[in-house]
Every structure is written in structure tokens, then in C-alpha cells.
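Report on the structure given below.
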Amino acid sequence: MGFPENVDRNLTVESDIIIGVIDSGIWPESDSFNDEGYGPPPKKWKGTCDGGLNFTCNNKIIGARFYTLDIHSNSARDEEGHGSHTASIAAGNKVPGANFYGLANGNARGGVPSAGIATYRICGPGGCTDDSILGAFDDAIADGVDIITISVSGSPRPFNFDSIAIGSFLAMEKGILTVQSAGNDGPFPSTVGSVAPWLFSVAASSTDRRIIDKVVLGNGKTLIGNAVNSFTPRGAKFPLIKCEDAKSNCSDADARLCSDLCLDSSLLKEKIVVCDKSTGWNEAFRAGALGSITLDEDYFVVPLPSSGLSSHNHDLVKSYINSTNNPHGEIIRSEAIKDIAAPKFAFFSSRESNSISDEILKPDITAPGVYILAAYSPVASPSSAPGDKRSVKYNILSGTSMSCPHVAGAAAYVKSFHPHWSPSAIKSALMTTEHSDGKYEDGEFAYGAGHVNPVKAIDPGLLYDASKDDYMKMLYSMQVHLFSPSPKETKGSPKDLNYPSMQALVKIGKPFTVEFTRTLPTPLTSQRS
């Protein structure tokens, strides 16, 4: 992001900023949330530490709440790792020597390390409910947070049935910008779940750190794969077996995918199983295989030696197995390499079109969301696989859940220089100062305005500002009655909203004329308000 440690900061204001993290809670004992050197919470803070059983706040985690999800959710403590990860990306302390079993070793730090964090646990083993989401927004607004980050998404819903759209609208009224993950349902079109224009919707792209591992076949071939594989090889090659040759009570088709409960444990002892599905390692681990080789790039932490291969390399493994009576191989532990092609758009990131309002471009922007090292809950499985009992302080995750808090941190950074800017002004500054070199497939329909550039955004030149009234006019033009009775006048269209991007729906192969109206203030100088 071009955001080095020595970047210019307005620390007096930054330390007064509070980021509300609506997620699965937080692990307060993590080094990323240590409060050494922090003063008391800002005077504007109106919240509380209602973290529940065995949960203590400090001068870094200044507030905590949780919402009744099930009998196990009796505190704001993060038992899944997701909330700790996102919170530390947005505002975690600088922690030297953070790593995942030696991978990605270095300084872990959030976008605004001096800022305070308020956590709202809405997600648990049973998921994230609408009533919990709305309750968290109500509390965060009343508590006095400045930025909300919510790494929760799903299928697009009409605004008046979307709890995040409703909650973030209420936040926008109070001057609070909400940043939301776009979703992980790519590469399919019309999958972006964060579609309201007052939300800041974030796609995911790569950084210049790529994590690879290798498969070495008995014929001497070495194949490059992808997975976060922390397991050291045992110094020997082991038998390779195709998944359909190790099936239990399922069809060949299901066995080839290593579907749940498809593999026979007695046939897999001390063997590496080859699966035709990217997450086949889950069933391979359950069945007690020594390792797994899966199809397609794999961004996940795996619970056993595993490698995700391209279709071509995967075919080479199968051809080798078919060519010999005694196929053997080994999987080499992951390593981090420099990816000079970065940033690249992540294939899993949800993309256009906006199925609710086709004249508003979504997602808005992209940010790092692949192989992100950040804080984690030591009681959560790093791979999320049942039976993976490893415990880590820092984990490597991928998803728009990770890119979202990068932008939340960037938004807080901009706000530290311009504390009186509206949510739409901060969003505009980040969208109009992005950088994009055209390397992404699907163009703007995938990455929105481009890749976030926080430093440039503090001096954007022009701002596209929008108020509650502007959004209400847009909703009226769509015949959506949110927080108000049916309007008498419904002129205009969503494309008339004073938005930093411009999109219109036109007929293929037909000439068209489209007029966009935008209102801009007098060009900004380099002064900082």
C-alpha cells in the first residue's frame, strides 16, 4: 500500500480515534493489543467494557460487548481467531518477530497503531445474526466510535432487508464510515454482497509476498504449489494414491473430490492422497492420510502436509501415478517468495455487477487480502479443521475479511488528518487517489476504483461529498422507503448520486448518451483541516 513505518502521522489525533470492530470478538491478551504506553480512552468515549466472563479491557481495547448467540457465547473473547485477525490489521500495535511457524517473519502492525479498539462480538459457531448485527451498530454508534469495520458479507439483499446496510446508514447519519468486505464468492459475477453506496465495499488483492510449497515426485520432477504448509518433510518419499482408489462408501465422483467421509482410513496410512478439489485436504486429514495434493491454488493454512497445484501440474501427478506401479512423492514445507507481479486481484474476491442498484459500481476499492499475517486466538484451530490442535498467536489468512480492515485503517489514517470530513468525503479521498496499472482481470468490475493508497489520500485534490439527503433522494428514485414514508416525488436515478465512480447500464451494440451530474467543492489545497 506504500504505507511504511516512517509514514507521516498526526499522532495526537490518531490516538483519539476509535475503531469499532464488529466481528467474532477479540483475544485481549494478544501482544497486538497490549496497552503499554497508551493513555486513558478519549473523553468522547461513551462505551463500556461489557466483555463478559474472564474478559478485561485496557487502554488499547477500550470497549467490548457481545450479543447472545448460543449457550457458549458468554463473552467478547474471540474463540475463532477471525475477529482478532481483523482488529489487529486495522489498529494493532507493532509486534516484532511475528510469524506463523517461521513463515512471514517480521513486524506485525495495524494501519493506525495509536488508535483505540472497541470490539462487538456478533459471530459465533452458529454464525452472525441480523439482530446481533443491528444491536452492535446501535451500540457502536452510541459508544462514539469513529470508523466501523465489519468483515461479514453474504448474498446481496435489498437495502431495506440488509441489516448491515441499515446499521451503516444509521452510522453514516452520525458521521461514522462503515467499511465492509465485498465477499469471497468470486470469480463468479454479480456476487458482491456489500452494495449500499454509503458502505465502503472492499475487494481483495495480493501483496508481493507469495507463499508456495513444492511437490517432489519419484521421477525427479519438482512442482510448485500453493498452501500455507508448516510441516517439515520426514526425509523420505511416500506412496501416492488417487482418492478414488482409497474410497469408502461413496461414488468415484465424490471420492475424486475427497468429499466428506468418502475416504477409507485403512487405505491411507503413510500415504499421500491426490484429490480433485482445492479443499480436499480436510477429508484427507480426517481420514489420517500422511499428506494431500489438491487441485487449484490454495490460500489456506492446512492441517497436514498439502499442496494445491495448477490443473497442468495436477495432471502431471496423475500421469506419473498411472505410469508406474510404485508412485512415490513428498511435499516440501512452505516458503515465502517475492511476487514481482503483485498486486494481483484475488480470484475468490466477489465482483460486479451490483444486483441491487446497477448504476452504482461495487466493490469500491481493493486492498491486500492474500496471505495476511495478523493476530489470532490461541484456542482456535489455525486451519479450522476439526482435530487440528495447534495453537498460534499469529496466523496467515486470506479473504476480503482481511482486505476490509486494511481500508478501515487507511480511512482512520485519513480521518486523523481531516477529523471533520464526512464519511463520504473520506471514502472519496481514498477512491480518487487509488493506484491501478491495469494488471487485474475484469477491470473496474472486480477492483472498483483501484488499489488503496493511504498516503496520497490525505491530499486528494477534489472530494465527492454526499449527505443523508442525497442518499434518501437516491433511495426514492429506486422506490425504496428506508426510514421514511413513501415520497411524493421519485425523480432521478442512482447514477445522479454524488459518487466518486460513475456507471450506467446501457444496451449492448446500441448507441447511447449518458449524462452524469457531480458537484465538487473548490479544489482543495495541501492544507489539512
Side-chain angles (χ1 to χ4, degrees), residues 153 155-159 162 164-165 168-169 172 177-183 185-205 343 345-346 349-367 369 400 403-404 407 410-411 423-453 457 460 462-466 470-471 473-475 477-478 480 492-508 512 514-520:
S153 191
S155 300
R157 293 194 283 175
F159 301 144
D162 183 341
I164 296 177
S168 60
F169 189 96
M172 174 272 299
L177 175 62
T178 301
V179 187
Q180 185 189 9
S181 52
D185 293 321
F188 306 106
S190 301
T191 50
V192 59
S194 174
V195 293
W198 50 88
L199 279 165
F200 205 172
S201 311
V202 187
S205 48
F345 189 69
S349 190
S350 295
R351 56 206 72 194
E352 270 279 7
S353 61
N354 184 337
S355 59
I356 304 301
S357 176
D358 50 30
E359 292 182 320
I360 300 293
L361 179 66
K362 289 287 180 171
D364 292 307
I365 205 164
T366 189
T400 56
S403 57
C404 172
V407 173
S424 60
I426 294 171
K427 178 177 172 179
S428 171
L430 286 161
M431 287 178 66
T432 58
T433 55
E434 48 65 45
H435 61 82
S436 174
D437 54 14
K439 287 189 290 190
Y440 298 146
E441 294 180 8
D442 295 335
E444 289 79 1
F445 297 115
Y447 59 69
H451 196 281
V452 68
N453 186 350
L462 293 172
L463 291 174
Y464 296 86
D465 210 349
D470 296 317
Y471 293 122
K473 288 176 185 175
M474 186 211 77
L475 291 170
S477 75
M478 297 173 63
V480 175
S493 74
K495 72 176 176 60
D496 299 325
L497 180 67
N498 206 40
Y499 209 65
S501 61
M502 302 175 199
Q503 173 170 289
L505 187 67
V506 299
K507 292 183 178 179
I508 296 173
F512 63 88
V514 178
E515 181 178 305
F516 295 91
T517 302
R518 295 294 184 268
T519 303
L520 294 167

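Each residue takes its place number in the sequence, starting with 1. Heavy-atom basis, side chains included; hydrogens, waters and symmetry copies ignored.
- Remark: Ser428 pairs with Thr432, Leu463, Tyr464, Pro500 by the side chain to side chain contact (heavy atoms under 4.5 Å, CB included) rule, at least two apart or across chains.
- For Thr178, the side chain to side chain contact (heavy atoms under 4.5 Å, CB included) criterion is met by Phe137, Ile148, Ile150, Ser168, Ala171, Leu199, not counting sequence neighbours.
- Under the 4.5 Å side-chain criterion, counting only non-hydrogen atoms from C-beta, Pro197 is in contact with Tyr499.
- From Ile356, atom CD1 reaches atom NZ of Lys362 across 12.0 Å, with rounding to the nearest 0.5 Å.
- In this structure, Phe516 and Val514 approach most closely via the heavy-atom pair CE1-CG1, 3.5 Å.
- Contact check for Phe200 versus Leu430: side-chain heavy atoms found under the 4.5 Å cut-off.
- Among residues two or more places apart in sequence or in another chain, the side chain to side chain donor-acceptor pair (under 3.5 Å) test is passed with Thr400 by Asn184.
- The shortest distance between side-chain heavy atoms of Ser181 and Ser194 does not fall below 4.5 Å.
- To the nearest 0.5 Å, atom CD1 of residue Ile426 and atom CG of residue Leu177 are 6.0 Å apart.
- Considering every non-hydrogen atom in both Glu359 and Ala504, the closest pair reads CG-CA, 4.5 Å.
- Proximity of Gln503 to Glu444: side-chain heavy atoms (C-beta onward) are nowhere separated by under 4.5 Å.
- Among residues two or more places apart in sequence or in another chain, the ring pair (Phe, Tyr, Trp, His ring centres under 6.0 Å) test is passed with Phe159 by Trp198.
- Between Arg351 and Phe345 the shortest side-chain heavy-atom distance falls below 4.5 Å.
- The two residues Val195 and Val192 make their nearest non-hydrogen contact at CG1-O, 3.6 Å.
- With sequence neighbours left out, the side chain to side chain donor-acceptor pair (under 3.5 Å) criterion links Asn498 to no other residue.
- Nearest heavy-atom pair, Asp185 versus Thr191, reported as atom, atom and distance to 0.1 Å: O-CG2, 3.6 Å.
- Summarising the geometry, atom CG belonging to Leu361 is positioned 15.0 Å from atom NZ belonging to Lys495; distances are rounded to the nearest 0.5 Å.
- Shown here are the side chain to side chain donor-acceptor pair (under 3.5 Å) partners of Ser403, two or more places apart in sequence or in another chain: there are none.
- Here the closest non-hydrogen pair linking Ser501 and Arg518 is O-NH2, 3.2 Å.
- Residues satisfying the side chain to side chain contact (heavy atoms under 4.5 Å, CB included) criterion with Asp470, sequence neighbours excluded, are Ala466, Ser467, Leu497.
- For NZ of Lys473, the number of neighbouring non-hydrogen atoms (other residues, nucleotides, ligands) closer than 6.0 Å is 12 at most.
- Every residue two or more places apart in sequence or in another chain was checked for a side chain to side chain donor-acceptor pair (under 3.5 Å) with Ser155, and none qualifies.
- A heavy-atom distance below 4.5 Å is not found between the side chains of Val202 and Pro363.
- Nearest heavy atoms, Gly450 versus Glu434: CA-OE1, 3.6 Å.
- When the side chain to side chain contact (heavy atoms under 4.5 Å, CB included) test is applied to Ser190, the partners found at least two apart in sequence or on another chain are Ser353.
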